[in-house]
Amino acid sequence: MTSKDRIAEPWGARTPYAAGEDWPVRVDTHLAEGLGPEDMDRWVQTASILHSNGDALDIGVKDGKIAGVRGRAVDRVNHGRLGVKDLYGWQANASGDRLTRPLVRKGGKLVETDWDTAMDRIVGRTQDLLEEQGASAIGFYTTGQLFAEEYYTLGVLAHGGLGTNHVDGNTRLCTATAAAALKESFASDGQPGSYTDIDHADVIALYGHNMAETQSVLWMRVLDRLAGPNPPQVICVDPRPTPVARHATVHLAPRPGTNVALMNGLLHEIITHDWVDHDYIDAHAVGYAELEKRVQEYTPEAVATICDVPAEQIREAARIIGGAQRLLSTVLQGFYQSHQATAAAVQVNNVNIIRGMLGRPGCGILQMNGQPTAQNTRECGGDGDLPAFRNWSNDAHVADLAKVWNVEPFQIPHYSPPTHVMQMMRYVEDGSIRMLWVSGTNPAVSLPELARIRSILQQKRLFLVVQDIFLSETAQLADVVLPAATWGEKTGTFTNVDRTVHLSEKAVDPPGEARPDLDIFLDYAHRLGLKDKDGEPLIKWHDPESAFEAWKECTRGRPCDYTGLSYDKLRGGSGIQWPCNDEHPDGSEHIYVDGAFWSDPEYCESYGRDLVTGAPLEPAEYKALNPSGKAMLKAAEYLPPHEMPSQEFPLQLITGRTLYHFHTRTKTARAPQLQDAAPEVWVELSAGDAAATGISEGDLTQISTPRGSVQATARITEIRTGVLFLPFHYGYWDTKRGHEPGKAGRAANELTITDWDAASKQPIFKTAAARITKIAAAEGPSRAPTTTASAPVSDVGHRTAGNPSAAADENVHDTTAEALR
Ligand SMILES: Nc1nc2c(c(=O)[nH]1)N[C@H]1C(S)=C(S)[C@@H](COP(=O)(O)OP(=O)(O)OC[C@H]3O[C@@H](n4cnc5c(=O)[nH]c(N)nc54)[C@H](O)[C@@H]3O)O[C@H]1N2
Ligand SMILES: Nc1nc2c(c(=O)[nH]1)N[C@H]1C(S)=C(S)[C@@H](COP(=O)(O)OP(=O)(O)OC[C@H]3O[C@@H](n4cnc5c(=O)[nH]c(N)nc54)[C@H](O)[C@@H]3O)O[C@H]1N2
Ligand SMILES: [Mo]
């Protein structure tokens, strides 16, 4: 057992292993100061809620309070390891400023009230609006951070009960493109890859994905392969010098927004050199001839000009990918939050398809999720899709769902795709949506162009309900605030990126009168008196386990088949990957084994979209394209970003994450070790751009785009020249100082643009034209982390480290196989 400051050493000690071996077990533990594992009254099983990796852990409970966490050795996902947000983030649960009672707006102010008053106000407004205008007056905007049972309940009450099509999740900002890209290539959501692919791959390519900081345990797995015999080669595509880039065999740092050109360049090389598995394509794919034709003009030289990446580097990356025996590809926000998001992500699928790299160990695609439960938002219908990957434009699927819910098919809106959140904001703006219920998300910080969002959410005619655990920036604008219980205080299941389902059990009571999100949705449905077609209650479950059983029934025979799972089966051991049913009682490591896809026209989730316009394809078009259910190669032409640098705004702004914080920081700002590691907003710029603008390390700067300005201290890094990076974690509300009127903004989204990818409707957070100017000379170096992508070019006299309370234990087991059995 060793003790480590994991703030200073985020990935911990290496446990090297070779291709094909089991990843060694290392159990990470962090407990409240002065307590040891033996001091805990009990340990309660759960998984991480601060990213999509699904790291399994136990919560240590002492005197009815959460007193620490320990990774679960038996779990297939993390083999005991935990990332920094999980080691330290649990402390936020007990923060003194949790919401403990419902609030309602009275005379312009939010005041405490009881549940009956708050719920009756919501139900009353719902009934009025249904009468006046119908269900289209009501919208729901949920998250990727609740549990499957909760989304399913919300989906049933919104779609089957009220009949509104205005349902979306913040997964729209997050992984809408993952779903869209999987639907384009395979006609269904669902990850082809598995984390165990890392154990076997000889090439791992990460596209716009800073795995080291955003799925840090998965990155530990990669680091351990890199430290072992016959390590894989790593390809990194990212304009910043992320830890991934630093470990890469080849680091391509393209201009932001040029991903499609780069991918076409790689495909051009792979096809020109015939590193192509023609037998696989002939048997299992359509569209090759068109792809071949489309990428013809994307020679390394042509692409080098567009992306500003050396042609030789493109050739080398293509050589490595083209020579891979086992290729794992991962994709995330550098591709998804861009103007050609779906088109770019689909080209990654194309690489694996034409190389025949699917459905066997080491050969996978992870169109990554970001949030812990984003997969469930998509599966259960929290994002507006029909549950269990049913196809809204296939009447047989709608009829089948109507049977499961015991409602008439016409009651389920399916006349058009669900309304995406940016469109919902537009409807609120023009007054057609008059009630918006926001749960588990903080749009007043996380949506683009915040000045506009604030004015929309503040409208008098809008009735805004916010269900949160803190008085977030969004909750402050609400008419009713509902205090929710959260992770550790309620029970439910959720599914990570590689289809692993975990049970998360209640460890402690929620504070005050806070209630689980499930109970709130059930209460609402009950008070509204929602009925099925026989006059029975529409929602026939009353607690997490009965909700899970109902959800299981809804998945029967669908790709995400949960029917073989139960709470009992998920207790005690490892999480289990869907599909899990009679045929696969222990779950499924890989899907798409032997080229069997879920793309049969009668079975598939989607008929696809036009990648340029986003228009849904007609069933007949799909059937002509893919009559026998194969994978689809879809080619795309590169189109330049919508907002290009100009004389006034000569740089490109990108935004994203740091290792130590989660999103709008409602939790991580309240976890002292995490907050201290990255206390204030910064901006990353290159030494060249710093020199040109007269900016030095630590200077206070102003960053402007056509939408607004924010101030941040300068951190000079090896980011590519011409690009600025702002973390988006810092809202206009400061947990210590509150909202400081008149003070310059610091939220990255003051600067971002109201615009989205046509196919997935995911907003563009990663390209805007910008300029930077110096406001004041440095008082010292920027407090940006030095351990991550924001590492300075040279020693600045500040190093990110924790205080003694950050000490965490690492216990390396030498009995890996036994621990996992
Ligand atoms: N520590 C931490 N971990 C998290 C989260 C968190 O908030 N904090 N959030 C979780 C969630 S919800 C998500 S969605 C994931 C996100 O995880 P990631 O996608 O890994 O994180 P980002 O920082 O948003 O973006 C990744 C990279 O995209 C690069 N990039 C920007 N523009 C471009 C471009 O045009 N092309 C390419 N190729 N790259 C570009 C950026 O430089 C950045 O390093 O992380 C999850 N994990
Ligand atoms: N500029 C820029 N903007 C971005 C991004 C970017 O890269 N750049 N990334 C986008 C992405 S990928 C994402 S995922 C979004 C994230 O954006 P948000 O979803 O807005 O971010 P969070 O801070 O996670 O907000 C979650 C809210 O839910 C509350 N909460 C936590 N647990 C519970 C619970 O159990 N129940 C309830 N009811 N509430 C709970 C939290 O207190 C918090 O207020 O941001 C997006 N916005
Ligand atoms: Mo996300």
Side-chain angles (χ1 to χ4, degrees), residues 49-53 83-85 92 99 142-147 150 169-175 206-216 236-242 244-245 252-259 262 330-338 344 368-372 374 438-448 466-475 482-487 489-490 514 516-517 520 641 652 654-668 684 719 723 725-729 731 747-749 751-752 762-763 765-767 788-789:
I49 198 77
L50 294 171
H51 50 76
S52 57
N53 210 50
V84 286
K85 293 200 307 309
L99 292 169
T142 190
T143 181
Q145 301 173 39
L146 303 185
F147 296 160
E150 297 170 330
N170 67 357
T171 46
R172 189 64 60 187
L173 324 179
C174 184
T175 54
L206 298 95
Y207 298 97
H209 180 198
N210 185 6
M211 186 198 283
E213 297 190 51
T214 57
Q215 281 90 11
S216 60
C236 171
V237 182
D238 195 311
R240 290 195 308 148
T242 61
V244 177
L252 305 168
R255 281 195 183 103
T258 62
N259 297 315
L262 186 82
T330 78
V331 194
L332 202 45
Q333 300 308 356
F335 272 42
Y336 296 171
Q337 293 174 338
S338 206
M368 295 295 296
N369 297 339
Q371 291 173 92
V438 174
S439 51
T441 181
N442 190 8
V445 180
S446 55
L447 282 177
V466 175
Q467 182 170 318
D468 205 291
I469 65 173
F470 294 109
L471 193 66
S472 66
E473 288 86 345
T474 309
L482 301 176
T486 188
W487 172 90
E489 303 161 354
K490 61 180 186 180
D517 295 277
I520 301 173
Q652 279 188 300
I654 59 179
T655 63
R657 293 161 169 76
T658 186
L659 174 71
Y660 299 99
H661 279 303
F662 184 62
H663 300 169
T664 74
R665 275 163 67 256
T666 64
K667 288 181 179 171
T668 51
E684 294 164 24
I719 191 171
V723 179
F725 174 87
L726 269 176
F728 85 104
H729 303 297
N749 282 323
L751 306 180
T752 47
Q762 183 159 351
F765 291 115
K766 296 216 185 334
T767 34
T788 58

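Counting convention: from 1, in listed order, for ligands and their atoms alike.
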State if [X] counts as touching ligand 1 under the rule of any non-hydrogen atom under 4.0 Å.
X	result
T658	yes
C174	yes
H729	yes

Starting from [atom], locate the nearest protein heavy atom and write down its residue, its atom name and how far away it is, to 0.1 Å.
atom	answer
atom 7 (O) of ligand 1	H663 N, 3.0 Å
atom 38 (N) of ligand 2	D517 OD1, 2.8 Å
atom 42 (O) of ligand 2	D468 OD1, 2.6 Å
atom 41 (C) of ligand 1	D238 OD1, 3.5 Å
atom 25 (O) of ligand 1	K766 CE, 3.3 Å
atom 1 (N) of ligand 2	N749 OD1, 2.7 Å
atom 36 (N) of ligand 1	N259 OD1, 2.9 Å
atom 26 (C) of ligand 2	G440 O, 3.3 Å
atom 14 (S) of ligand 2	Q371 NE2, 3.3 Å
atom 8 (N) of ligand 1	H661 O, 2.5 Å
atom 24 (O) of ligand 1	R657 NH1, 2.7 Å
atom 39 (N) of ligand 1	P239 CD, 3.2 Å
atom 33 (C) of ligand 1	G334 O, 3.6 Å

Could you tell me whether [X] and ligand 1 have an N or O pair separated by under 3.5 Å?
X	answer
H209	no
L659	yes
K85	yes
Q215	no
Q333	yes
T214	yes

task = Enumerate the atoms of ligand 2 whose separation from the nearest heavy atom of A484 is less than 4.0 angstrom.
result =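 Here the atoms of ligand 2 in question are 36 (N), 37 (C), 38 (N).
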task = Please could you name the atoms of ligand 1 that E213 approaches to less than 4.0 Å, counting only its heavy atoms?
result = 1 (N), 2 (C), 3 (N)
message = Show me which atoms of ligand 1 lie under 4.0 Å from any heavy atom of H51.
response = 47 (N)
ask   = Which option, Y336, F662, F728, owns the non-hydrogen atom nearest atom 6 (C) of ligand 2?
value =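 The residue whose heavy atom sits nearest atom 6 (C) of ligand 2 is F728.
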ask   = Is there side-chain contact between M368 and T214, with heavy atoms separated by less than 4.5 Å?
value =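 Side chain of M368 against side chain of T214, heavy atoms only: no contact under 4.5 Å found.
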ask   = Any side-chain heavy atom of T474 within less than 4.5 Å of one from D468?
value =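 No, their side chains stay 4.5 Å or more apart.
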ask   = Using a heavy-atom cut-off of under 4.0 Å, does the side chain or the backbone of V237 touch ligand 1, or both, or neither?
value = both
